[in-house]
Amino acid sequence: MSFTIKNCHTGQSFPSDGAASILDAALSAGRAFPYSCRGGSCGTCKAKLISGEITSGPFGETALSAAEKSAGYILLCQAKAQSDLEIDARELASGPPIPIRTLPCRVVQITHLSHDVIELSLKLPQNQSLEYLAGQYIDILLRDGRRRSFSIANPPDPEAGITLHIRRVPNGRFTGHVFDGLRERDLLRFQGPFGTFFLHDELDRPAVLMAGGTG
Ligand code: FES
């Protein structure tokens, strides 16, 4: 099944198979919608549904309130098209997003930064590099199909690999493995870069940047 999603904000359309979220369909088509968590918890991808049928998917009340839902707002990272749609969604002026890639990588260094934070240095295959912007993140792809998101902790440099800071989550399956089972030279797979929390060229006013947390 293929549907057409028209963004009335820009007048542009993109296809959806109805199985992927509207956000994933938009990213695959090179559209630059703002988003962050892709998990229904931050609200960055909020947009208005003008016409058509969707499934909403799970989301938190802090991301989309009952009043917003009643007013026709949806979360693009959770909603899936069930018919042709018209939506009203802001798009970023900074052009098409960097292509999202799925790549293998090798663990080259594991450094304990504190009792519950590890710095993981990952090397990409020869002749491969990952283009990304400071502020973006990658998903580590687990064997069971699940994924875990981590901010990239080193500045973009085609010659360098990827550095992640991983905090141990109590009973966390992947972070427990990082602390107790992962070894240097092990292989991982990841997908990315994701996220639109980066400095936007079109900003014409001072920006105050603050960061907190790990992982
Ligand atoms: S709710 Fe965070 S990107 Fe959709």
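Order of appearance sets the numbers: ligands from 1, and atoms from 1 within every ligand. Since the structure is predicted, the reported quantities are computational estimates derived from the model, not experimental observations.
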Next on the checklist: Under 6.0 Å between ring centres: does that hold for F179 and H177?
Outcome noted: no
Item to check | Backbone or side-chain N/O/S of C37 under 2.8 Å of atom 2 (Fe) of ligand 1 | outcome: yes
Item to check | Distance from atom 1 (S) of ligand 1 to nearest protein heavy atom, with residue and atom | outcome: G43 N, 3.2 Å
Checklist entry - ligand 1 versus R38, non-hydrogen atoms closer than 4.0 Å: side chain, backbone, both, neither? => result backbone
Checklist entry - Hey, which atoms in ligand 1 end up nearer than 4.0 Å to a heavy atom of G40? => result 1 (S)
Checklist entry - If you count the atoms of ligand 1 from 1 in the order shown, which ones are under 4.0 Å from a heavy atom of S41? => result 1 (S)
Checklist outcome for this item: ang(SG C77, atom 4 (Fe) of ligand 1, SG C45) rounded to 10° is 100°
Item to check | Intermediate values then yes/no, side-chain contact (heavy atoms from CB on, under 4.5 Å), R173 and R146 | outcome: CA-CA 11 Å; R173 203 163 144 215; R146 286 189 281 185; 2.3 Å; yes
Checklist entry - What part of C42, side chain, backbone, both or neither, has a heavy atom within less than 4.0 angstrom of ligand 1? => result both
Checklist entry - Has N171 got more than 12 heavy atoms of other residues, nucleotides or ligands less than 6.0 Å from its CG? => result no
Next on the checklist: For the CD atom on E184, are there more than 12 heavy atoms of other groups (residues, nucleotides or ligands in this structure) within a distance under 6.0 Å?
Outcome noted: yes
Item to check | Flag if over 12 foreign heavy atoms under 6.0 Å of CD, E131 | outcome: no
Next on the checklist: Is a donor from one side chain sitting under 3.5 angstrom from an acceptor on the other, for Q191 and R147?
Outcome noted: yes
